[in-house]
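Everything below concerns the one structure shown next.
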Amino acid sequence: MAETSERPGIAEDRVAIDALDGEIIDLLARRAAISARIQQSRIDTGGPRTELSREMDILARYRDGLGSYGTQVAMSILKLCRGAGPQELEATAAATAGDHR
């Protein structure tokens, strides 16, 4: 439902946000695919799928960069990258490509 009394520029800003969201989705799909390769390499060499110290570094980086919400963002990203296989993410990225480009 479009508001007729919106300030000038809101529609353009929403288009910009939609474009950024599309880029974020693409970046997350790329990150998850890279993470899946690393996890598989670790498993193939007899190691654990994930490395706790690395995940703690990631949590700290997001907390330092985004403040108190950074940890939640990082946890969601780590969960996505642990749980979704590259095929699932590629399919999701392909399906959403038309929505934001």
Linking I/L/V/M/F/W/Y whenever their side-chain heavy atoms sit closer than 4.5 Å, directly or via other members, would [X] and [Y] fall into one cluster?
X   : Y   : answer
V73 : M56 : yes
V15 : I10 : no
Y62 : L52 : yes
M75 : I24 : yes

A side-chain contact here means heavy atoms from C-beta on lying under 4.5 Å apart; do R31 and C81 qualify?
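Of all side-chain heavy-atom pairs linking C81 with R31, at least one is under 4.5 Å.
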Do R42 and E51 make a side-chain contact, defined as non-hydrogen atoms from C-beta onward lying under 4.5 Å apart?
yes
Supply the atom-to-atom distance [X] [atom1] to [Y] [atom2], rounded to the nearest 0.5 angstrom.
X   : Y   : atom1 : atom2 : answer
S35 : L80 : OG    : CG    : 9.0 Å
E23 : L28 : CD    : CG    : 12.0 Å
I58 : S53 : CD1   : OG    : 9.5 Å
R30 : D26 : CZ    : CG    : 8.5 Å
R49 : S41 : CZ    : OG    : 13.5 Å
Q40 : I43 : CD    : CD1   : 5.0 Å

Decide whether Q72 and S76 meet the rule of one side-chain donor and one side-chain acceptor closer than 3.5 Å.
no
Salt bridge between E55 and R82, side-chain N to carboxylate O under 4.0 Å?
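Looking at R82 together with E55, the answer is yes, because their closest N to O distance falls below 4.0 Å.
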